[in-house]
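In what follows, a structure is listed as C-alpha cells, so that the remarks can point back to it.
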Number of protein chains: 2
Amino acid sequence: MLASGSMLPVTDTTDLRERRRLATRADIETAALDLFTRQGSDRTTVDEIAAAAGVSPRTFFRYFPTKEDAALGTNRAFDTAIATRVRGPVTLPEIVDAVAATLGEFDGAPIDRLLQVRCLLNHDDNLRRAALRMEAERCWEVHGDLRTRVMNETVNVAMRAALDEWATHRAAGEDADLVEIFREVCAIQSRMFDGFLMKRAS
Amino acid sequence: MLASGSMLPVTDTTDLRERRRLATRADIETAALDLFTRQGSDRTTVDEIAAAAGVSPRTFFRYFPTKEDAALGTNRAFDTAIATRVRGPVTLPEIVDAVAATLGEFDGAPIDRLLQVRCLLNHDDNLRRAALRMEAERCWEVHGDLRTRVMNETVNVAMRAALDEWATHRAAGEDADLVEIFREVCAIQSRMFDGFLMKRAS
DNA sequence: TGCCAACATGGCAGTCACTGCCACTAGGGT
DNA sequence: ACCCTAGTGGCAGTGACTGCCATGTTGGCA
C-alpha cells in the first residue's frame, strides 16, 4: 500500500487508525444524541447506546467517561472554541466579537448539531446537569485570581442563558440570532449594576 | 406520659416523632460531614456514613437522595434563607442587605457549620459538583422570564465566589467578612459592564 | 388499658454506571 | 514472515440507588 502521511493530500489530516477512532467516536455520539432525544437520557442505558453504535459497553467507556458526556461533544467543542479566542483579560465587547467569530466558524452542520444539543438540554434535566458539571469543571480548572474567576463565570451565565434562549426560539420555528441574544443578555446584566459603584462614591 | 402538643411550652415546635426524624437527619449529616472531611467524599461509601450515623443504608436514602446531599444541608439552608428574603425584582443593594441579614440570623453554630461545609467544598471536587448541581436545580425551578433568570444566576455567581473566598481566608486563619467580600465581588462584576450600554447609544 | 392504623426502619434482591484485568485480534513497521 | 502495539470484547467486581416486604414503634382512640 501507499505510505500514508506526507505525500497524500491533506484530506483529513490523520492516519488511518486515528480516522477510525474519530469515526467510532462520532458513531457513539450520534447514537447517544438520537436515543437521548427519543427517550431522554435517564431512560437510556449505556448498553443501549453501545449497541446502537455497534461497540461493546466496555469500549463505550474508553471513549467517554460518562454516558452523558457522549452527547455533549459538540457543546464542549463550542465552549472550547470560544475559550481559545478569549485569552487573558479582555473587555466585554471583545468577548461578543469572539462569540460572533466562533459562531461563524461553526456554520453549517456543526451549528445544527449544537442547536440539537441545546434543545435537548432544555428538556432533559439529567443531561443539563451533566452540561453544567462540564462547564463548572472548566471554570474550576482555570484557578485564576478572584477577578478572573468572577468574570469568567459571569460571562458563562450570559452565554448559557443566551444559548438556552436561542435554542428555545429556534425550536419553536422562529428565527433567532445568537450573537444578538447574547448582547441582550449582557445588557440585562449591565443594567443590574447601573449606579452600583456610584453609590459608594457619593 | 404527658400529652405533648398544645399545653407544653413551644420548646421545639414539633411533635415527638418529628423531633426524632430531625435528630436522625442531623446525625447522618454530622457523620457525612465528618467522614467527608477526613477521607474525601469519593473515598466514603454510603454504608460507612450509615454505619457511623447508626442507621441502615436503606434508611440513609430515605433522608437524602444522594450521599453528597447529606453533607450539604447547611449550605442549602443558607441559600434558602437568602432566597426567601429576596422575593420578586429587587436591586443589588437590597440583595446585599439580604445577605447581611441572613448572615446575622445564622450567627453562632450555624455559621461555623456553613464555614466547615464551604471549606470542604474548596477541596472536594465531587462534593463541589453536587453543590453546583443543587444550586443549578434551584435556579432551573424558578423558570421566570429571561431577565429574572439572568439576574438570579449572576447574583449566584457572585455569592458562590464570595463564599469560596470567605472560606479560603477563614481556613487560613485570617479574618474575613462575607458581606464585605460579596460587595467586592459585585464591584468586580460591575466594572465588567462599565460603559457597555453607553457604547451602543453613542 | 388494649387495639388499630400509620409511620419508621431494616433487609433483600435487583438495576445500572463505571472500572480493572486479561485475552484476543488486526494493522503497520521491520 | 515476524513482532508489537493500539483497539476491542468479555468478565467479574464495586458502589449508588430503588422497590418490595416484613417487622417494630408510636400515637390516637375506643
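Residue numbers start from 1 in every chain, and the chains themselves are labelled A, B, ... in the order their sequence lines are given, proteins ahead of strands.
A/F61 has its CZ atom 17 Å from the C1' atom of C/dC21, to the nearest Å. Between A/D69 atom CG and C/dA17 atom C1' the separation is 13 Å, expressed in whole Å. The separation between A/D47 atom CG and C/dT15 atom C1' is 11 Å, rounded to whole Å. Between the C1' atom of D/dT18 and the CZ atom of B/F60 lies a distance of 14 Å, rounded to the nearest Å. The CG-P distance, from A/L35 to C/dC16, rounds to 14 Å in whole Å. In this structure, B/R17 atom CZ and C/dA5 atom P are separated by 14 Å, rounded to whole Å. Protein atom CG of A/L127 is 15 Å distant from nucleotide atom C1' of C/dA17, rounded to whole Å. Taking atom CZ of A/R19 as the reference point, atom C1' of C/dG28 lies 14 Å away to the nearest angstrom.
Look at B/R129 and B/E68 and you find no salt bridge, because none of the NZ, NE, NH1 or NH2 atoms lies under 4.0 Å from a carboxylate O.
To the nearest 0.5 Å, atoms CE (A/M151) and CD1 (B/I188) are separated by 9.5 Å.
The cationic atom of B/R118 (NZ for Lys, CZ for Arg) does not lie both less than 6.0 Å from the six-membered ring centre of B/W166 and within 45° of the ring axis.
A close approach under 4.0 Å does occur between a side-chain nitrogen or oxygen of A/Y63 and OP1 or OP2 of D/dT8. Distances shorter than 4.0 Å separate some side-chain N or O of B/S56 from OP1 or OP2 on C/dG10. Between A/T45 and C/dC16 there is no side-chain polar atom (N or O) within less than 4.0 angstrom of OP1 or OP2.
Between B/R138 and the options B/N156, B/D79, B/T80, a side chain to side chain donor-acceptor pair (under 3.5 Å) holds for only B/T80.
Taking only side-chain atoms of B/T24, from C-beta outward, the nucleotide of D/dG9, C/dA17, C/dT9 with the closest atom is C/dT9.
Among the protein residues, B/F64 comes within range of no part of the nucleic acid, since none of its heavy atoms lies under 4.0 Å from any strand.
Take the nearest nucleotide of DNA chain D for A/P57 and for B/K67: the residue whose nucleotide is more 5' is A/P57.
Counted by atom type alone, A/S56 and A/T59 present one or more donor-acceptor pairs between their side chains at under 3.5 Å.
Judged by atom type and distance alone, B/R62 reaches the base of C/dG10 through a side-chain donor-acceptor pair under 3.5 Å. No N or O donor and acceptor, one from the side chain of A/R58 and one from the base of D/dG7, sit under 3.5 Å apart.
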